[in-house]
Amino acid sequence: MSKYIKIKKFYPDFSFDDLSLVKHRILSIDCPRFHFSHLSFCFKYLRRLLRQSTLYLKYKYLVRQKNSLSYLYQKNGVFPVRLKDSYITEFIDILKDDIADLYSSDNSTRKSSTSYDCAKVYTRKYSGQIINQIETRLKNGLLAIEVGSRFLSDYYLHSFTLHLSRPQDSHHYDISGDPEHISSLHQLHYDPDPLNIKLITYLSDVSDHRYGPFSYVPYNRYKIHFANRVSGAAMCGLTNFNDINTSLLYKLIPKPLHFFNIIGSLVGEHDINSSRFLSTLKSDEVFFYTDDFNSIFFDPQGFHRGGYCLDGKSRLNLQCIFKPL
């Protein structure tokens, strides 16, 4: 296989017609003819498209100017490390009360369809002291393994989520709606904000697939046309196939823009097997386990996902968002 999948004008061996699941959902909805009452929804998409275009142009600039993002880019988007166990212990000690609350809670703690079933979010506005404690220890941990001088010096910890993942979590199925019929790429996605660096730090054992390890597809395994990537990010939050406005939008915009940042949750096995682009994402996905690494820095513009916990296992981790200074 060549380093990059060869790109046609818009699609790398991939077209909207190959998305049988998406196509079926859209065609099954009886959409009225377009009229002026739908304009506001279309303008919402166009505003997002303009915003994402601006963000991606800025992203291209930051790749050249910001040492940390450039360093990730050189590593094909992902940089796994193993922090000393003492730092993981300190994280757990700082967050011990909230960790105890998560383990004693159930799925009723979920507040919206965009949140995890069992998690707590920390921001500088409401949890500044804890944010500073975690950031200091993270950067000290990087210095201890001799990468701190060239990494994260130009980024700051904006926020983080303490997340407990369990087999009964419902957020996995918000899009498919059916836990019995999900594809092998389900939840594989890239984020709509291209300026961040993210970090996953395991606070519990993730020694095999039953613990739902984090995974990432390195940059050099695929390539996405600029128009695809921007439109896919603009679609984020609009992918509701039971909504008439959404279906009308998909029918109105050109097919070359029918790309989705959450593409892994919108395809079936037939789509994956018949598309070189999708089958490459599946075959080249890299999983990270605590036997080798406990922290994974990554560019969220690459395809990634958190896995499913199985057989009664659970995974506790920090998900940190770093933004440029």
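For clarity, every value in this text was computed on a predicted model and none was experimentally measured.
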Under a 3.5 Å cutoff, is there a donor and acceptor pairing between the side chains of [X] and [Y]?
| X | Y | answer |
| --- | --- | --- |
| S295 | Y87 | no |
| R124 | N132 | yes |
| S207 | D291 | no |
| Y56 | Q301 | yes |

Could you check whether any side-chain N or O of [X] sits under 3.5 Å from a backbone N or O of [Y], counting only pairs where one atom can act as donor and the other as acceptor?
| X | Y | value |
| --- | --- | --- |
| S275 | L278 | yes |
| S279 | R276 | yes |
| S231 | A227 | no |
| H186 | S184 | no |
| T161 | L318 | no |
| S68 | L152 | yes |
| D154 | N67 | yes |
| R315 | R210 | no |
| R166 | C309 | no |
| N261 | Y190 | yes |

Which heavy atom of [X] sits nearest to which heavy atom of [Y], and what is that distance?
| X | Y | result |
| --- | --- | --- |
| L195 | K58 | CD1-CD, 3.9 Å |
| L325 | S153 | CD1-O, 3.6 Å |
| P213 | D208 | CD-O, 3.9 Å |
| H209 | L310 | CD2-CD1, 4.0 Å |
| L185 | R305 | C-NH1, 3.2 Å |

Are the side chains of [X] and [Y] in touch, meaning some heavy atoms are under 4.5 Å apart?
| X | Y | answer |
| --- | --- | --- |
| P300 | D193 | no |
| Q319 | L199 | no |
| S314 | L164 | yes |
| Y211 | D205 | yes |
| L162 | L203 | yes |
| I197 | D299 | no |
| Y122 | L95 | yes |
| Y73 | Y219 | yes |

same_hphob_cluster([X], [Y]) at 4.5 Å side-chain heavy-atom cutoff:
| X | Y | value |
| --- | --- | --- |
| L49 | F43 | yes |
| F226 | L55 | yes |
| V121 | L102 | no |
| L142 | I321 | no |
| L46 | L50 | no |

Salt bridge check, [Y] against [X]: does any charged N sit closer than 4.0 Å to a carboxylate O?
| X | Y | answer |
| --- | --- | --- |
| E269 | K282 | yes |
| K313 | D311 | no |
| D101 | K96 | no |

How many angstroms lie between atom [atom1] of [X] and atom [atom2] of [Y], to the nearest 0.5 angstrom?
| X | Y | atom1 | atom2 | value |
| --- | --- | --- | --- | --- |
| D85 | E90 | CG | CD | 11.5 Å |
| L72 | K198 | CG | NZ | 13.5 Å |
| T201 | I134 | OG1 | CD1 | 9.0 Å |
| Y202 | N294 | OH | CG | 9.5 Å |
| H189 | I263 | NE2 | CD1 | 13.0 Å |
| D93 | Q133 | CG | CD | 9.5 Å |

Parallel, tilted or perpendicular, as decided by the 30° and 60° cut-offs, for the rings of F303 and F277: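 Answer is perpendicular, since the angle exceeds 60°.
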How are the rings of F214 and H304 set to each other: parallel, tilted or perpendicular (split at 30° and 60°)? tilted
State whether the number of non-hydrogen atoms from other residues, nucleotides or ligands found under 6.0 Å of [X] atom [atom1] is greater than 12.
| X | atom1 | answer |
| --- | --- | --- |
| R51 | CZ | no |
| K323 | NZ | yes |
| Y61 | OH | no |

Stepwise side chain to side chain donor-acceptor pair (under 3.5 Å) check, Y308 with S165: CA-CA 8 Å; Y308 306 99; S165 183; over 6 Å; no
Take E285 and S283 through the side-chain contact (heavy atoms from CB on, under 4.5 Å) test and state the conclusion after the steps. CA-CA 6 Å; E285 186 177 14; S283 63; over 6 Å; no
Would you check, one step at a time, whether the test side-chain contact (heavy atoms from CB on, under 4.5 Å) holds for T123 with I131? CA-CA 7 Å; T123 63; I131 291 272; 5.8 Å; no
Just checking Y216 against F288, ring centres under 6.0 Å apart? no
Go through F297 and V78 one step at a time and tell me if the side-chain contact (heavy atoms from CB on, under 4.5 Å) criterion holds. CA-CA 6 Å; F297 291 93; V78 62; over 6 Å; no
Would Y156 and F322 count as a side-chain contact (heavy atoms from CB on, under 4.5 Å) here? Give the steps. CA-CA 5 Å; Y156 73 97; F322 292 87; 5.9 Å; no
On the six-membered ring of F91, is R137 placed so that its NZ or CZ lies under 6.0 angstrom from the centre and within 45° of the ring axis? no
